[in-house]
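Here is the structure we will look at, set down as structure tokens.
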Amino acid sequence: MAATFVDPEHARSGVGREIVDHLLSVAREEGYETVTVHASLNAVGFYEVAGFEHVREIDIAGPAGAGVDVPAVLMRTTLS
């Protein structure tokens, strides 16, 4: 499991799509059939455009020791 983020200064520059495309390519090469992500609420539209579908709303743990859960969406795509 890994987390990826794009610095807001570089938002809408294509770098996020390049990262996702590369990671999906690696997943295909490794033989994965599906990929899931825990998308922050502000990234849901980005992942929908990249071909991911909404599975369900979830909460993910915030920073260690903070006792805060962060709302997110579990999303999935099928690799071909």
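Owing to the predicted nature of the structure, the values given are computational and were not obtained by experimental measurement. Values below: every heavy atom of this structure, side chains too, minus hydrogens, waters and symmetry copies.
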Exercise. Has the side chain of Thr77 got a donor or acceptor atom that lies under 3.5 Å from a matching backbone atom of Gly51?
Worked result: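 The answer is yes, because a donor-acceptor pair under 3.5 Å joins these two groups.
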Exercise. Testing Val44, Asn42, Val37 for side chain to side chain contact (heavy atoms under 4.5 Å, CB included) with Ser40, which one passes?
Worked result: Asn42
Problem set entry | Close side-chain approach of Met75 to His38, heavy-atom, < 4.5 Å |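 Heavy-atom side-chain distance check fails, nothing below 4.5 Å.
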Exercise. Does Glu57 reach the side chain of Leu74, with side-chain heavy atoms less than 4.5 Å apart?
Worked result: no
Problem set entry | For the student: nearest non-hydrogen atoms of Asp59 and Pro71, plus distance |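 Smallest interatomic distance, heavy atoms only, reads OD1-CA, 3.5 Å.
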Are [X] and [Y] grouped together when hydrophobic residues (ILVMFWY) are joined by side-chain heavy atoms under 4.5 angstrom apart?
{"X": "Leu41", "Y": "Phe46", "value": "yes"}
{"X": "Val35", "Y": "Ile19", "value": "no"}
{"X": "Val6", "Y": "Leu24", "value": "no"}

For this session: Mind running side-chain contact (heavy atoms from CB on, under 4.5 Å) on Glu33 and Leu79 for me, showing each step along the way?
Result: CA-CA 5 Å; Glu33 295 178 5; Leu79 302 177; 5.8 Å; no
For this session: May I have all residue pairs that pass ring pair (Phe, Tyr, Trp, His ring centres under 6.0 Å) and include part of residues 51-80, sequence neighbours excluded?
Result: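 Qualifying pairs, neighbours excluded: Tyr47-Phe52.
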For this session: Any ring pair (Phe, Tyr, Trp, His ring centres under 6.0 Å) involving residues 4-33? Give me the pairs, sequence neighbours left out, ordered by first then second residue.
Result: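 Residue pairs with at least one partner in residues 4-33: there are none.
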What distance separates [X] [atom1] from [Y] [atom2], expressed to the nearest 0.5 Å?
{"X": "Arg76", "Y": "Thr34", "atom1": "CZ", "atom2": "OG1", "result": "7.0 Å"}
{"X": "Arg17", "Y": "Arg12", "atom1": "CZ", "atom2": "CZ", "result": "13.5 Å"}
{"X": "Asp69", "Y": "Ile58", "atom1": "CG", "atom2": "CD1", "result": "10.5 Å"}
{"X": "Ser13", "Y": "Glu18", "atom1": "OG", "atom2": "CD", "result": "8.0 Å"}

